[in-house]
There are 2 protein chains.
Amino acid sequence: MTTIYDIARAAGVTATTVSNVLSGKGSVSSATRARVMQCAEELKYSPNLVARSLIKGRTGVLGLVFPSIDNPFYAEITAAMERLAYQAGFRIFVSTFSNGDQTGQKMLKDLALRRVDGVIIFSAAISLEIIQSLSLPHLPIIYCLEEEMQPCPFPTLFYDFFQGGKLAGEHLLSSGHRHIGLLTDIGDQGQYCHIARVKGLQAALAAYNLTLDSRLIKNGRSDVEAGKSAGYELLTQPDRPSAVFATNDMMAIGLMAAAWELNIQIPRDLSVIGFDSISIGRYTTPPLTTIKIDIEMLATEAINLLLHHIDHPSSSQSIVLPATLLEGASTGPHLL
Amino acid sequence: MTTIYDIARAAGVTATTVSNVLSGKGSVSSATRARVMQCAEELKYSPNLVARSLIKGRTGVLGLVFPSIDNPFYAEITAAMERLAYQAGFRIFVSTFSNGDQTGQKMLKDLALRRVDGVIIFSAAISLEIIQSLSLPHLPIIYCLEEEMQPCPFPTLFYDFFQGGKLAGEHLLSSGHRHIGLLTDIGDQGQYCHIARVKGLQAALAAYNLTLDSRLIKNGRSDVEAGKSAGYELLTQPDRPSAVFATNDMMAIGLMAAAWELNIQIPRDLSVIGFDSISIGRYTTPPLTTIKIDIEMLATEAINLLLHHIDHPSSSQSIVLPATLLEGASTGPHLL
DNA sequence: GTGAAAGCGCTAACAA
DNA sequence: TTGTTAGCGCTTTCAC
């Protein structure tokens, strides 16, 4: 590894001058500049960003923490953020973790130890209390996609999940469905992970003087296999629903697979609506009706919020983005 | 930020002793040990891994470079590698890039500047020449999934894509298909990105005294939208195939979406076989027949290869893993 | 068992 | 325009 000292020696100057040349700072005569540049080239110098980070107190890296990159929703967010961060001169250090154990918080802590300049956390498994217990002093944090808004010591980016759930319910109700099933994520501690979406559905039902039928609620994790098995239960019971709201797209896709195996046709025999608008959902057969979360917008706002927060640590603004309906072909009128 | 000097001052010892306590090295009396520990606790000390990396010359980070995390194939690899690396005390720094520009190589270079302990590269867009032109001295590199094996200065992990393509072809041929279409990835420079898979198909055809019909070859990128639009072309032409080999699953899923819109039933009217065995493929309707790449095995071997290579830089072993057939329900006998 | 000194590779005051 | 000095936070000989 060649260092600036090697270049300095070769060029007959001091390390400071080399540093000045390479960073374009200070004033250096064009003669020495050329000489230094040439030596750097010949010695195949490349800067050690670890050393630079140490002295600058900045790494140029942003951390991203979320569960399961296996969910395309997060993969798409990652791709968007990586691109946006790169344009702003930052890199993204992704940390994912399989739910359950404490890997998530350990990874978050590790990001802090590595002195990332800030992190974006997608809640799900890392609660506010956990974050605070980790003692991450001065680490700029943006908290994203918490299901329900709550007082938060750092900036928050929030999608209107309640409104999304309500839109999903209204869409099914306005198509004549009255017997509506729910497929949702229930975490390890039995909490509803998608509580706002569920409440939104309930609000839509209430407007029709209906309530959620507990027999039509099935719980699982947020992945496709859980959606399939819970979907099986839902569809094989005596009085099965004519429409189902799955609180994320992966579960909806699993449900569609279950329906296919049971020879239940979508949307003729069953309407399915998801949540997230992952891109693969536009290629299922039929294409999935879903609640759209604008990932590009989400990523843009989150990155901007974080970059702003890094420069202005006192700021604590919060942003709420709207969820909208994205009609596919997996929902249709209630027949018979 | 509290440093070991803060602790040293508080505990009335020197930084060396603090370092010894925290690292468990050297010999420290249990009295000072306790005192130091307590001060560390009270001051909420956490080590600066940037400084540690600088002096140790190791970061404990492994780089992972591949195109498009939007392809679940890579997302699944990432998840597996992240888990395995974590167990070995390493973290994964993922770098993805949208094909085309030179972002990929810039990111690879950047990983080197950040002094990751090694990288795993999934070829596709980063050729051997590019890697060599980047001058990454002493950076342990594992090269993965190059389509065809070739002499390589560093260890290689390789799946037998030719054999996979052959298996795909044989599967379709043995089901009676003779009019077989091909949906494959043609890169920006017009090169076949999945050339070994195509050659495998050709070998299978040759055993039946058949050749690839150029009218039945459609090219696109490796993503689902390209698969759909190329699939459209393939399925709407006069003499459409009875079976199609898509050289990756995302394209296969796009093709199935096109077939659905054209009201072509799978597998009755059209057999579809993919490549990669991404997990979502087991939930399409019908579930996708594909060539299985064992991602768990791939990740395990790649990580092991890299960790070994880090400790033994001279090693240059290569591993070839077998591709196998994974039957779904998207292929069936050729009817009529 | 503890500390003094040196240094990882770089940058930033400040002098010259 | 260039060099001297100091230091980012940590680890590591090597004395004591």
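In what follows, chains carry the letters A, B, and so on, assigned in the order in which the sequence lines appear, proteins first and then strands, with residues in each chain numbered from 1.
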Would you mind classifying the nucleic acid contact of S23(A) as base, sugar-phosphate or nothing, using non-hydrogen atoms under 4.0 angstrom?
nothing
I'd like to know if T16(A) reaches the base of dT4(D) with its side chain, counting only an N/O donor and acceptor under 3.5 Å.
yes
Which of dG9(D), dC10(C), dG7(C) is nearest the side chain of I55(B)? It is dG7(C)
To the nearest 0.5 Å, what is the distance between CD1 on I142(B) and OG1 on T156(B)?
8.0 Å
If you measure from the Lys or Arg side-chain nitrogens to the Asp or Glu carboxylate oxygens, is any gap between K106(B) and D110(B) under 4.0 Å?
no
Tell me which nucleotide among dG3(D), dC10(C), dT11(C) gets nearest to the side chain of A51(A).
dC10(C)
Give S27(B) one of three labels, base, sugar-phosphate or nothing, depending on what nucleic acid heavy atoms sit under 4.0 Å from its own.
base
Determine the contact category for V50(A): base if any of its heavy atoms lies under 4.0 Å from a base atom, sugar-phosphate if only primed atoms, P, OP1 or OP2 are that close, otherwise nothing.
nothing
Counting the atoms with a prime plus P, OP1 and OP2 as sugar-phosphate, which does S53(B) contact under 4.0 Å by heavy atoms, base, sugar-phosphate, or nothing?
nothing
From dG9(C), dT1(D), dC10(D), pick the nucleotide closest to the side chain of I4(B)?
dC10(D)
For dG1(C), take OP1 and OP2 only and decide whether either is under 4.0 Å from a side-chain N or O of S29(B).
no
Which of these nucleotides, dT1(D), dT4(D), dT11(C), is closest to any side-chain atom of T14(A)?
dT4(D)
